[in-house]
Amino acid sequence: MEKSALQKARAAYQPKLPKALQGPVKAVEGKPTQSVGNQEEIKKLFPNTYGMPVVEFQPAESENTQPINVGIILSGGQAPGGHNVVCGLYDGVKSLNKSSKLYGFLMGPGGLVDHKYLEFTDEYIDEYRNTGGFDIIGSGRTKLEKVEQFESGLQIIRKLGINAIVIIGGDDSNTNACVLAEYYAAQKYGVQVIGCPKTIDGDLKNEQIETSFGFDTACKTYSELIGNIQRDCNSARKYWHFIKVMGRSASHIALECALQCQPNICLISEEVEAKQMSLDDVVEYIAKAVAKRAEDGNNFGTVVIPEGLIEFIPAIKKLIAQLNEVLTDPATGEPRQFASAEEQIDFVLGNITAENKAVLESLPADVKRQLCLDRDPHGNVQVSLIETEKLLSAMVGKKLAEWKKEGKYVGKFGTQHHFFGYEGRCAAPSNYDADYCYSLGYNASRLISNGKTGYMSVIRNTTAPAAEWIAGGVPITMMMNIERRNGANKPVIRKALVELDGAPFKYFAAHRDQWARETAYVYPGPIQYWGPSEVCDQCTKTLALEQQKK
Ligand code: FBP
């Protein structure tokens with residue numbers, strides 16, 4: 001594989017490990033744990049993996065050095081640092097015993113079910129150290145939830161003599177990891193399952209998990225791009241840039257980019273919902289800011305939009321909830337099958353309330369179509385396919401034209417549109433993500449050698465220097481509650497949305513009026529890998545603000 005100069009230099013970077021993982025470890029166990037909600041139901045569903053203690057690793061004189069064979073799976077959307085989790089796990093199992101083996105299942109959870117895999121070697125692993133992407137083994141969104149899949153996976157697990165499976169994924173994939181761990185434990189198969197918190201969206205975090213990996217690098221990449229646009233915007237002074245950023249339902253990415261770049265406007269879906277804002281309220285909020293800046297002679301600006309916004313507008317949220325029910329076959333709990341998109345849309349229109357139908361009909365044709373069509377395998381509306389940035393800018397343009405007719409001064413309104421998502425998911429990991437991911441992978445090897453299953457690999461205290469990071473594991477059941485998904489109540493990991501009383505949002509809310517009127521742009525520039533620590537080793541502003549209060 002040909003390498004760029006940066007890749008070559010970066011390959012030599014040795015990611016940092018917490019002090020506790022630099023030699024033999026012992027597992028120190030806390031008290032029994034409880035799930036975040038619906039304790040009785042979760043306990044019943046996970047009798048073998050419920051209530052286990054939180055584990056923290058501490059340096060020890062010696063440790064269990066039996067060889068272990070591990071299989072790893074990359075699940076869902078790419079996130080910078082995934083390769084380093086694999087490298088950390090590889091180095092971790094080899095450091096226990098040279099004859100340990102690491103297998104990679106290809107193209108996501110489907111690789112386990114279909115027995116598609118490779119065995120990692122030193123040469124293979126070395127090609128991928130500190131690189132972005134998931135191409136080391138590929139990723140996929142196959143949902144691992146059926147007994148047939150677990151049993152099919154077991155055949156290859158037995159054939160390869162695998163002791164444990166590590167699943168690198170977001171909340172949905174880790175929920176599935178927990179179900180798999182419970183199943184293998186209940187069957188007494190002796191196969192351990194460990195999860196790893198991945199997603200650029202930043203919505204897999206809680207009291208125990210400070211951040212999901214990839215969020216740092218993805219936000220820094222988007223912020224570089226937004227900063228570049230802001231500089232262009234401030235140079236030409238003729239466009240309003242509507243910039244949608246990924247993040248699925250949660251607005252963490254939008255908020256972090258706003259904290260880094262200080263755009264004129266940033267919408268936060270969670271606030272839109274809390275304030276019960278309609279689509280028209282959102283449009284009016286933007287249009288007012290545009291008109292105010294026009295009064296100052298500033299016919300330009302930036303608007304950052306979280307991709308899941310549409311799902312949080314209360315009327316649309318209600319509509320989506322009913323669409324999800326209608327699109328699920330109650331007999332099987334599986335998505336209904338249709339011969340064509342048109343047939344699916346007709347079925348939907350014939351089976352929703354008049355109120356929801358009116359909301360659906362009020363939306364532009366392409367948005368309407370996307371809401372009615374298939375969900376991803378985990379039942380999520382594919383919000384990245386909805387062009388909210390274009391929808392909003394068209395509606396703002398219309399509103400301004402109406403105001404102009406009424407004699408108000410609204411200035412000129414020229415627009416540009418951007419969607420930043422795929423641009424950031426495979427970026428070369430920042431030092432933070434390179435170190436964090438390597439530690440998560442290495443740490444997973446110690447959870448396995450200590451006999452744990454149904455745990456998520458966890459590294460905490462990450463705003464401190466890496467040597468002081470705390471390594472350990474958290475039972476996945478601890479993060480679970482029951483939620484309505486695809487027309488049924490399911491045990492799932494609770495998704496972390498932006499907290500309106502949290503420090504990052506409060507900081508943003510305290511400054512946004514000033515940023516809206518003035519041109520207070522910050523241009524963060526590209527991620528730096530070498531140089532002064534204050535340039536190269538900073539975590540996200542979200543994490544820094546969240547940890548400050550503690
Ligand atoms: P995960 O939740 O699997 O980490 O994926 C994150 C994400 O990048 C979202 O931000 C986005 O909505 C979605 O994936 C896009 O999915 P796809 O890669 O299938 O187009």
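Both counts, for ligands and for their atoms, begin at 1 and track the order of listing.
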Undergrad: Between M246 and ligand 1, does any nitrogen or oxygen pair lie at a separation below 3.5 Å?
TA: no

Undergrad: Can you see which heavy atom on T217 is nearest to which on S430, and at what distance?
TA: OG1-N, 3.1 Å

Undergrad: Would you mind listing which atoms of ligand 1 come within a distance below 4.0 Å of any non-hydrogen atom of K198?
TA: 1 (P), 3 (O), 4 (O)

Undergrad: Could you tell me whether D91 and R129 have a side-chain N and a carboxylate O separated by less than 4.0 Å?
TA: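 Result for this pair is yes, salt bridge flagged.
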
Undergrad: Are any of the side-chain nitrogens in K541 or E256 under 4.0 Å away from the carboxylate oxygens of its partner?
TA: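 Looking at K541 and E256, the cut-off is not met.
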
Undergrad: Any salt bridge linking E325 with R484? Criterion: basic side-chain nitrogen under 4.0 Å from a carboxylate oxygen.
TA: yes

Undergrad: Under 4.0 Å from a heavy atom of G76: give me the atoms of ligand 1 that qualify, with their elements.
TA: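 Going through ligand 1 atom by atom, the ones under 4.0 Å from G76 are 3 (O).
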
Undergrad: Looking only at heavy atoms, is any part of T199 under 4.0 Å from ligand 1, and if so is it the side chain, the backbone, or both, or is it neither?
TA: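 Both backbone and side chain.
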
Undergrad: Using a plain distance cutoff, I'd like to know if S75 has any nitrogen or oxygen under 3.5 Å from a nitrogen or oxygen of ligand 1.
TA: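 Between S75 and ligand 1 (N or O atoms, distance only) the closest approach is not under 3.5 Å.
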
Undergrad: Which of the numbered atoms in ligand 1 are below 4.0 angstrom from a heavy atom of E307?
TA: 9 (C), 10 (O), 11 (C), 12 (O)

Undergrad: Using a 4.0 Å cut-off to any heavy atom of R248, which atoms of ligand 1 qualify?
TA: 1 (P), 2 (O), 3 (O), 5 (O), 10 (O), 12 (O), 13 (C), 14 (O)

Undergrad: Under 4.0 Å between a side-chain nitrogen and a carboxylate oxygen: does that hold for K244 and E387?
TA: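 No, K244 and E387 are not salt-bridged.
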
Undergrad: Determine whether any heavy atom of Q78 lies closer than 4.0 Å to an atom of ligand 1.
TA: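 Q78 does not count as a contact of ligand 1 under the 4.0 Å cut-off.
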
Undergrad: Does ligand 1 have an atom that lies less than 4.0 angstrom from a heavy atom of G77?
TA: yes

Undergrad: At what distance is the nearest protein heavy atom to atom 14 (O) of ligand 1, and which residue and atom is it?
TA: R141 NH2, 2.9 Å

Undergrad: What residue and heavy atom of the protein are closest to atom 10 (O) of ligand 1, and at what distance?
TA: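 The answer is D201 OD1, 2.6 Å.
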
Undergrad: Could you list the residues that satisfy side chain to side chain contact (heavy atoms under 4.5 Å, CB included) with A164, not counting sequence neighbours?
TA: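 A164 satisfies side chain to side chain contact (heavy atoms under 4.5 Å, CB included) with Q192, I448 once adjacent residues are dropped.
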
Undergrad: Of the protein's non-hydrogen atoms, which lies at the shortest distance from atom 20 (O) of ligand 1, and what is that distance?
TA: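 Checking every protein heavy atom, the shortest distance to atom 20 (O) of ligand 1 gives Y422 OH, 2.5 Å.
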
Undergrad: Taking only residues two or more places apart in sequence or in another chain, which ones pass side-chain hydrogen bond (donor to acceptor under 3.5 Å, both in side chains) with T131?
TA: H83

Undergrad: At the 4.0 Å heavy-atom cut-off, does A79 count as touching ligand 1?
TA: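 The answer is no, since A79 has no heavy atom less than 4.0 Å from ligand 1.
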
Undergrad: Could you tell me whether R512 and E271 have a side-chain N and a carboxylate O separated by less than 4.0 Å?
TA: yes

Undergrad: Less than 4.0 angstrom from a charged side-chain N to a carboxylate O is my criterion; do K490 and D172 meet it?
TA: no

Undergrad: Can you tell me which residue and heavy atom of the protein come closest to atom 8 (O) of ligand 1, and the distance to 0.1 Å?
TA: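 Answer, as residue, atom name and distance: R425 NH1, 2.8 Å.
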
